[in-house]
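Only heavy atoms go into these numbers, but all of them, side chains included; no hydrogens, no water, no symmetry mates. This one's a predicted model, so the numbers in the text were calculated from it and none came from an experiment.
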Amino acid sequence: MSQTLQQRAEAFLWDPPESMQVGLRRWIVAIARLVYGLVRDFMTGELTLRAMSLVYTTLLSIVPLIAFSFSVLKGFGFHRELEPLLYQFFQPLGQKGAELTGQIIGFVDNVSGRLLGGIGLVFLIYTVISMVHKVENSCNWIWQVKQSRSLARRFSDYLSVILSGPVLMMAAMGMSASISSNALVQRVTSLEPFGTSLIYAGRLVPVILVSFVFSFVYIFVTNTKVRILPAFIGGIAAGFLWAVTGKVFASFVVGSTKYAAIYSSFAILIIALIWLYLNWLILLLGSQIACYIQRPEYLRIGRRRLVLTGRERETLAVDIMLRIGRRFLSGPPPCELADISNEVGLPEEAVAQVVGSLEESGLIEKSEAGALLPGRDLGSIDLVDILQAVRKPSEDIPQLRNVDQADVLLSEVEHAIEDRVGARSLRELIGETAN
């Protein structure tokens, strides 16, 4: 796409004619913006690289992850349903999928019997947590979240996801199976057109379950507040994309006999790697959709690095301190980075730069749970302290030379500002803005 064509497309999408901003046409423009943003992000190649990285991580952790899930499900009596679920995941691989499922279950049996104890259990949990951490990093990158969970939160949050995820999945499958075996449902199935409708609805159950899993990952793995509706929209879109991709990939596997002849016994591994890659890519695309649904202001800037001017950094710094101070005085819940990002309409990565400068200056501190709190008494934080916190020269940029006269003039301007308003404390500013 040439630069001129791209500029024209962006001008039409974000500054459309008035005739395109009413009724159904407005929704068409919104969908076109979303499609454009997804294609633009995909063409950069970062999503594909992260999907490939997750494939490598999966190879190292798939057996420990399934073994851990097997142990959890065994306590609830669901462990026998794990093999059919795994087979359903590899179903697009055809007969090779059944063979691969049997081999993985065999590995899991060995792990469950020999390694689930002592150092083996610690290594197994570490491997599983490392995989979820890799997924979190990819989701955080999509949502432009700069910081991942702390080590303590990583351990507790990841384990809760790993423990509850398989149980909820199996409970949903068991509920679906019990409903389908119900006498009343079977009687209704024998009547047309209800029978045909229920058959088609039954085919949607795997898609719905996969969509639920994707939505669960977007909400609980991403280190920011993901609302339920955007997460489910992204999960449903990814679920249906997964179903369509599975059908196409199954046709590809059926017609790929020449690859089996070329690669011999390695064919199953190569096909499985491709299928894993497509699954991770679909999950990341769904997360990107959820991000743009919740934060449509990201669509225009995409992955371009947002560079704030000096005035914008100062304005944002004062605004952040006012928000933190008000929330601190009014009581819980405390202010968080995601709250500020949503309220000011900027990516978390841009807000985090200013928050980092304030934190380095000791004006704010971050709790273990990620809450932003004043670093000292509000009465001892002056406006000039806030401005100076974001005016510090960057260590990554060479310092200016031979600018003595300009530096003297700007120092006079800064002193004038300090004399006029600099001594006003944050507590005073909060009281003034509240009136």
Side-chain angles (χ1 to χ4, degrees), residues 1-48 50-51 138-139 141-145 197 200-201 203-204 207-208 210-215 217-219 222 224-249 278-306 338 341-350:
M1 180 181 293
S2 64
Q3 186 68 20
T4 304
L5 181 59
Q6 183 177 359
Q7 290 176 349
R8 290 178 180 177
E10 291 183 352
F12 175 78
L13 289 174
W14 279 279
D15 298 303
E18 293 184 2
S19 59
M20 299 295 294
Q21 300 181 27
V22 294
L24 182 61
R25 296 178 180 179
R26 182 182 62 179
W27 290 101
I28 295 176
V29 171
I31 295 174
R33 288 174 180 172
L34 179 61
V35 173
Y36 174 82
L38 293 174
V39 173
R40 178 196 59 203
D41 295 341
F42 183 81
M43 294 300 292
T44 60
E46 184 72 22
L47 280 176
T48 57
R50 290 183 177 274
S138 298
C139 291
W141 177 85
I142 290 173
W143 284 79
Q144 301 191 36
V145 177
S197 301
Y200 283 110
R203 294 177 182 176
L204 290 177
V207 180
I208 295 173
V210 170
S211 301
F212 174 78
V213 172
F214 286 159
S215 304
V217 171
Y218 303 152
I219 294 173
T222 311
T224 189
K225 292 182 179 179
V226 181
R227 296 198 298 267
I228 294 178
L229 182 59
F232 272 104
I233 293 176
I236 291 171
F240 277 94
L241 183 59
W242 173 83
V244 173
T245 304
K247 295 292 184 183
V248 175
F249 192 78
L278 292 175
N279 277 267
W280 283 122
L281 185 60
I282 290 170
L283 182 140
L284 296 181
L285 284 173
S287 180
Q288 189 79 74
I289 293 173
C291 175
Y292 284 148
I293 294 295
Q294 179 168 322
R295 297 179 175 176
E297 64 273 11
Y298 285 17
L299 270 171
R300 187 162 193 170
I301 62 175
R303 298 303 310 179
R304 285 177 290 190
R305 188 171 184 269
L306 188 61
S341 176
N342 289 329
E343 292 169 3
V344 302
L346 289 176
E348 283 192 26
E349 187 174 357

In Å, rounded to the nearest 0.5 Å, how long is the span from [atom1] of [X] to [atom2] of [Y]?
{"X": "Leu285", "Y": "Ile142", "atom1": "CG", "atom2": "CD1", "answer": "7.5 Å"}
{"X": "Leu241", "Y": "Thr245", "atom1": "CG", "atom2": "OG1", "answer": "4.0 Å"}
{"X": "Phe249", "Y": "Asn279", "atom1": "CZ", "atom2": "CG", "answer": "9.0 Å"}
{"X": "Ser211", "Y": "Phe240", "atom1": "OG", "atom2": "CZ", "answer": "6.5 Å"}

Looking only at non-hydrogen atoms, find the nearest pair between [X] and [Y] and report the distance.
{"X": "Ile289", "Y": "Ala237", "answer": "CD1-CB, 3.8 Å"}
{"X": "Ser215", "Y": "Gly235", "answer": "OG-CA, 3.4 Å"}
{"X": "Gly286", "Y": "Ala238", "answer": "CA-CB, 3.9 Å"}

For the residue pair [X] and [Y], establish whether any side-chain heavy-atom pair is separated by less than 4.5 Å.
{"X": "Ile233", "Y": "Leu229", "result": "yes"}
{"X": "Phe42", "Y": "Val39", "result": "no"}
{"X": "Ile219", "Y": "Lys225", "result": "no"}
{"X": "Pro296", "Y": "Arg33", "result": "no"}
{"X": "Ile236", "Y": "Phe214", "result": "no"}
{"X": "Trp143", "Y": "Gln288", "result": "no"}

Under the 3.5 angstrom rule, does the side chain of [X] hit a backbone N or O of [Y] as a donor-acceptor pair?
{"X": "Arg40", "Y": "Leu299", "result": "yes"}
{"X": "Ser138", "Y": "Arg50", "result": "no"}
{"X": "Thr222", "Y": "Cys139", "result": "no"}
{"X": "Tyr298", "Y": "Tyr292", "result": "no"}

request  = Take Ser341 and Gln144 through the test side-chain contact (heavy atoms from CB on, under 4.5 Å) and record every step on the way to the result.
outcome  = CA-CA 10 Å; Ser341 176; Gln144 301 191 36; over 6 Å; no
ask   = Can you find a side-chain donor-acceptor pair between Tyr36 and Asp41 that sits under 3.5 Å?
value =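 There is no such pair between these side chains.
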message = Test side-chain contact (heavy atoms from CB on, under 4.5 Å) on Glu46 and Leu284; report intermediate values, then the result.
response = CA-CA 11 Å; Glu46 184 72 22; Leu284 296 181; over 6 Å; no
